[in-house]
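Inspection log for the structure reproduced underneath, given as structure tokens.
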Amino acid sequence: VTARVGAGTFVSAHAPPARDRPDGHRASGLLRPRPVWGSIDPPTAFARAAEFDFRTGLPDSSLFPFETWRRLMVRQLDRAAVGTGAYADPAGHPDLRAAVARQVGLSRGIPASPDDVVITNGTQQALDLVARVLLAPGDRVAVEDPGYEPPRLLFRSLGARVVGVPVDGRGLVVEALPADARLVYVTPSHQYPLGTTMALERRLALLDWARRHRAALVEDDYDSEFRFGGRPLEPLQTLDTAGVVVYVGSFSKTLLPTLRLGFLVVPRALRDAVHRAKYVTDWHTSLPVQAALARFIDDGDFARHLRRANARYRTRHDLLVRVLSRDFAGHLEVVPSAAGLHVSALVRRATAGQLDAVVARAADAGVAVQQLAWFALAPPARPGLVLGYGAIPAGRIEEGLRRLRASFP
Ligand SMILES: Cc1ncc(COP(=O)(O)O)c(C=O)c1O
């Protein structure tokens, strides 16, 4: 019915439009996303915190230097600092590009100039830019198996064909790379999720392969600022003489993932295209945040923060590995790992089904751990667990592991 003020209520001449349906639901409309979006699930790993939280990918937010950061941000939101408020250089704030170039030179031995650096909204956007610049729909992309899932989903969403390449104790198995891969995404410093370091001879073999196949190597160095022993190996970027490596760094582990800050070190031949890709994607990363981070690095606060965080994570890493080796000796074999925020451990006897039951029992006891299989494309030859120590304080590790141990039959 239709009501008209002063006249009365009449039977309406038209059916109500579908969006006003009486059940309150809006009609879904005629538009449909491309089918690929139906095969991409939203993230679930970060849905809920557990009492004993061994999930990977999370740094300890309590270590974040809130006071200093607040002070720097306040300064950047001053009228004088904001200036005209015009759009800025897609490649990034000049001070931050210079600070990052110095930082990667000092910490990773990467000989980058500020011109080689592009500031991004985290690793994920960095990979998006590289993929847009290098890949055509249907191109083949090789990724580590097991590996980090978000890049796989990204490449697929852009129409690439993603193939998994096995990883052994020395890193990606170079002979298993498909000859037509245009781009290879790797985590050589600290394989995600196994935790191994790619051996030098593998790095050289991979570089040689990429040079011969004219393929790009995307080196994701997401957490190796935290090291607890051994000498770090040269990044692929440093060993590269052919300009085939794109190096990707992130502030998600060193500061906070919610800042969405990362960067690329790009070979000269790709530089302009990457700047243009950044421009058409989102013009540039938040300028006040970039300026604050530049000051944070230049003032020495970043180095201080890394030293402090490194000491905390080292304590957790060492404790975790010690208890795993001591109390789980009959069940798990720890994969050696001396960097980052997680370790993995392979089962000695249990089947994949039995490990599922262990993880479910642990969850009931308040312990969140992830399984290697969750990161794999092909079922792993040996099931295993991945244990992060970014989100769990040292004081909770032993009790968490005691409960995990009690979850094994
Ligand atoms: C392998 C790997 N790369 C990169 C990242 C960080 O991604 P982003 O910089 O997009 O937060 C993570 C976070 O878990 C990771 O595991």
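Every number for a ligand or one of its atoms is a count from 1 in the order of the listing.
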Using a 3.5 Å cut-off on N or O atoms only, is Tyr222 in polar contact with ligand 1? no
Would you call the rings of His342 and His190 parallel, tilted or perpendicular if under 30° counts as parallel and over 60° as perpendicular? tilted
What one should report as the nearest heavy-atom pair of Thr285 and Lys278 is OG1-NZ, 2.8 Å
| said: Surrounding CZ of Arg32 (heavy atoms of other residues, nucleotides or ligands, distance under 6.0 Å), is the total greater than 12? | reply: yes
* How far apart are the C-alpha atoms of Arg102 and Asp298, what are their side-chain angles, what is the distance that settles it, and do they pass the side chain to side chain contact (heavy atoms under 4.5 Å, CB included) test? -> CA-CA 10 Å; Arg102 272 198 310 282; Asp298 288 343; 2.4 Å; yes
Counting heavy atoms under 4.0 Å, the part of Lys253 that contacts ligand 1 is side chain
Sequence neighbours excluded, the answer for salt bridge (Lys or Arg N to Asp or Glu O under 4.0 Å) partners of Asp89 is Arg97
| message | Are any of the N/O atoms on Gln124, whether in the backbone or the side chain, positioned under 3.5 angstrom from an N/O atom of ligand 1? | response | yes
Of all heavy-atom pairs linking Ile392 and Asp53, the shortest is CB-O, 3.3 Å
For Gly57, the atoms of ligand 1 under 4.0 Å from one of its heavy atoms are 14 (O)
* Any nitrogen or oxygen of Tyr192, main chain or side chain, under 3.5 Å from a nitrogen or oxygen of ligand 1? -> no
Under 4.0 Å from one or more heavy atoms of Arg260, ligand 1 contributes atoms 8 (P), 10 (O), 11 (O)
Sub-4.0 Å heavy-atom approach of Gln125 to ligand 1 = no
Under 4.0 Å between heavy atoms, the region of Asp220 that gets near ligand 1 turns out to be side chain
Going by the 4.0 angstrom heavy-atom rule, the piece of Pro257 near ligand 1 is neither
For residues 373-383, the salt bridge (Lys or Arg N to Asp or Glu O under 4.0 Å) pairs (sequence neighbours left out) are Glu333-Arg382
